[in-house]
Amino acid sequence: MSNETIGSVEHQVSGLTKLAGEFTRQSSDEQAHNQQLLEIASLLLPTYGNQWNMHSLVTLKRQSLSRILYYNELYRKIIEIPGVICEFGVQWGATLAQLINLRGIYEPFNPSRKIFGFDTFEGFPVVDEKDGGFSNVGDYAITKNYAETLEKILTLHESFSPISHVKKFELIKGDASLTIDDWLEDNPYAIVAMAIFDMDVYKPTKTVLEKILPRLTKGSILVFDELNCPHFPGETRALDEVIGIRNLSLRRFPHQTYSSWAVFGE
Ligand SMILES: C[S@@+](CC[C@H](N)C(=O)[O-])C[C@H]1O[C@@H](n2cnc3c(N)ncnc32)[C@H](O)[C@@H]1O
């Protein structure tokens with residue numbers, strides 16, 4: 001396996017490798033197996049026929065299944081909490097798509113559960129010294145104009161669940177530290193039932209958390225994807241400065257490394 005096929009190795013920290021702007025803990029064997037699976041999956045995809053989506057589960061990895069199970073657990077916690085879901089840090093939309101599908105499963109007749117996704121869709125716009133020197137501007141960037149493709153994908157996902165003529169998601173493009181102000185003004189009704197912080201870095205996490213606090217109710221779920229994470233120290237710092245780590249009962253899911261969640265007000 002050459003580095004060309006798996007992306008360039010830019011940085012190594014505490015057993016992690018940074019490949020094309022994203023951290024991974026995969027060994028070289030795992031990277032090779034990952035690439036083999038990708039090659040097989042790419043060849044198979046056009047051959048599955050009408051049930052392609054179901055059949056493509058044959059190449060879904062344990063790690064991806066764990067992520068779905070995690071969000072399944074989290075979604076079930078907000079069913080009795082009024083309000084919208086905000087995901088800060090969307091990237092390719094893997095989590096946003098699952099949230100739309102979980103809504104279709106658990107709350108098919110709740111059009112008030114709108115789902116908002118905030119991202120630059122151009123990677124990190126800013127990093128701070130509190131991010132510890134591990135991250136760079138532009139990390140986690142995706143392909144150009146991807147937000148338009150994601151809009152189509154999410155619209156299709158909505159079409160497979162009830163009340164699909166009502167659009168119940170919105171992508172907000174730009175630096176979330178800035179777009180959050182307009183969002184709060186444009187959505188004065190919105191209570192935030194679940195806020196997912198997955199921007200990884202200090203500054204936007206701190207700013208957005210500060211600004212949405214008044215829209216949380218006791219029982220809202222706060223989700224942090226990189227807490228207690230050596231290579232993304234900024235997320236822990238941001239939470240500590242805004243709410244205080246000791247003021248939340250943080251919990252983790254056994255199959256996610258750095259993800260933590262807490263019930264606000266408990
Ligand atoms: C780890 S990815 C998110 C992954 C996604 N939540 C998922 O589960 O697939 C981090 C994302 O945060 C975004 N991000 C970082 N800083 C941001 C900021 N200030 N404003 C908006 N998005 C930001 C990046 O563009 C990147 O797409």
Side-chain angles (χ1 to χ4, degrees), residues 16 18-25 60-61 63-75 85-102 115-128 130-132 134-151 153-154 157 169-184 194-212 221-227 229 231-235 237-239 242 253 255-261:
L16 293 169
K18 203 171 184 188
L19 292 175
E22 294 193 39
F23 283 106
T24 178
R25 199 181 290 285
L60 187 80
K61 287 167 55 182
Q63 291 83 348
S64 306
L65 178 57
S66 295
R67 187 86 175 160
I68 296 172
L69 294 176
Y70 176 53
Y71 274 100
N72 180 58
E73 293 287 312
L74 291 177
Y75 199 102
I85 299 174
C86 293
E87 188 189 29
F88 300 100
V90 169
Q91 205 187 13
W92 296 101
T95 297
L96 214 54
Q98 301 326 310
L99 291 167
I100 287 176
N101 289 328
L102 288 164
I115 301 178
F116 295 91
F118 295 74
D119 207 298
T120 58
F121 297 103
E122 293 172 357
F124 299 172
V126 59
V127 292
D128 189 274
K130 291 191 181 177
D131 294 310
F134 302 114
S135 296
N136 300 307
V137 168
D139 282 357
Y140 289 78
I142 48 174
T143 54
K144 211 164 177 280
N145 300 327
Y146 177 70
E148 290 164 28
T149 304
L150 182 58
E151 181 83 26
I153 295 171
L154 298 180
H157 277 306
F169 76 89
E170 197 176 319
L171 298 177
I172 293 121
K173 193 168 188 288
D175 183 340
S177 312
L178 309 173
T179 58
I180 190 65
D181 290 325
D182 281 346
W183 183 82
L184 288 166
M194 178 154 68
I196 300 165
F197 290 90
D198 195 6
M199 294 183 286
D200 305 337
V201 286
Y202 170 75
K203 208 157 181 282
T205 307
K206 180 172 180 180
T207 307
V208 173
L209 182 56
E210 265 167 356
K211 292 192 170 178
I212 63 152
I221 301 292
L222 288 173
V223 184
F224 298 94
D225 210 56
E226 265 77 32
L227 230 47
C229 178
H231 51 285
F232 286 126
E235 205 171 283
R237 301 274 30 95
L239 169 61
V242 179
F253 184 64
H255 314 303
Q256 292 292 293
T257 309
Y258 298 119
S259 306
S260 298
W261 58 273

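Start at 1 and go down the list; that is how both ligands and their atoms are numbered. All residue numbers in this chain count up from 1 along the given sequence.
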- Message: Would Gly89 count as a polar contact of ligand 1, with the cut-off being nitrogen or oxygen pairs under 3.5 Å?
- Response: yes
- For the residue pair Tyr140 and Phe124, does the interplanar ring angle fall in the parallel (under 30°), tilted (30 to 60°) or perpendicular (over 60°) class? parallel
- If you have a sec, work out which protein heavy atom is nearest atom 20 (N) of ligand 1 and how many Å separate them, to one decimal? Ala176 N, 2.8 Å
- Is the Phe118 ring parallel, tilted or perpendicular to the Phe116 ring (thresholds 30°, 60°)? tilted
- Query: Does the gap between the ring centers of Phe224 and Trp261 come in under 6.0 Å?
  - Reply: no
- The protein heavy atom nearest to atom 27 (O) of ligand 1 is Asp119 OD2, 2.7 Å
- In this structure, atom 16 (N) of ligand 1 is nearest to the protein heavy atom Pro125 CD, 3.4 Å
- Item | Lys/Arg N to Asp/Glu carboxylate O, Lys206 vs Asp128, below 4.0 Å | no
- Item | Nearest neighbour of atom 23 (C) of ligand 1 from the list Glu87, Gln98, Met199, Glu22, on a heavy-atom basis | Met199
- Task: Check the pair Ile212, Ile180 against side chain to side chain contact (heavy atoms under 4.5 Å, CB included), reporting the backbone distance first and the verdict last.
- Result: CA-CA 8 Å; Ile212 63 152; Ile180 190 65; 3.7 Å; yes
- Would you say Ser177 has any N or O atom under 3.5 Å from an N or O of ligand 1, going by distance alone? no
- Message: Looking at ligand 1, is there an atom of it that comes within less than 4.0 Å of some heavy atom belonging to Trp92?
- Response: no
- Query: Side chain of Glu235, backbone of Glu226: donor and acceptor closer than 3.5 Å?
  - Reply: yes
- Message: Heavy-atom distances under 4.0 Å decide this one: backbone, side chain, both or neither, for Lys203 against ligand 1?
- Response: neither
- Task: Check whether any heavy atom of Glu226 sits under 4.0 Å from an atom of ligand 1.
- Result: no
- atom 1 (C) of ligand 1: which protein heavy atom is closest, and how many Å away? Asp200 OD2, 3.3 Å
- Message: For the 3.5 Å polar cut-off, considering only N or O atoms, please tell me whether Thr95 and ligand 1 meet it.
- Response: yes
- Task: Would you check the N or O atoms of Glu122, main chain and side chain alike, for any that come under 3.5 Å of an N or O of ligand 1?
- Result: no
- Should Val126 be counted as touching ligand 1, given the test is an N or O pair under 3.5 Å? no
- Identify whether the distance between the nearest side-chain nitrogen and carboxylate oxygen of Arg67 and Asp198 falls below 4.0 Å. yes
- Measuring from the heavy atoms of Gly93, does anything fall under 4.0 Å of ligand 1? no
- Query: Which ligand 1 atoms does Thr120 reach within 4.0 Å, using its non-hydrogen atoms?
  - Reply: 20 (N), 21 (C), 22 (N), 25 (O)
- Query: Hey, does the Lys NZ or Arg CZ of Lys173 hover above the aromatic six-ring of Phe121, less than 6.0 Å from the centre and inside 45° of the axis?
  - Reply: no
- Item | Protein contact of atom 19 (N) of ligand 1 - nearest heavy atom, named by residue and atom, plus distance | Asp175 OD1, 2.9 Å
- Is the distance between the ring centroids of Phe232 and Phe23 under 6.0 Å? yes
- Task: Give the residue and atom name of whichever protein heavy atom lies nearest to atom 2 (S) of ligand 1, and the separation in Å to one decimal.
- Result: Gln91 OE1, 3.6 Å
- Item | Pairwise distance CD1(Ile100) to CD1(Ile85) - rounded to 0.5 angstrom | 9.0 Å
- Message: Checking Leu74 against Met194 for the side chain to side chain contact (heavy atoms under 4.5 Å, CB included) test, could you report, in this order, the C-alpha distance in whole Å, the side-chain angles of both residues, the deciding distance, and whether it holds?
- Response: CA-CA 9 Å; Leu74 291 177; Met194 178 154 68; 4.2 Å; yes
- Looking at Ile180, Asp198, Val127, the heavy atom closest to atom 3 (C) of ligand 1 belongs to Asp198
- Hey, does the side chain of Thr205 reach the backbone of Val201 with a donor-acceptor pair shorter than 3.5 angstrom? yes
- Numbered atoms of ligand 1 (with element) below 4.0 Å of Gly174, judged on heavy atoms: 20 (N), 21 (C)
- Item | Within-cut-off N or O pair, Asp139 and ligand 1, under 3.5 Å | no
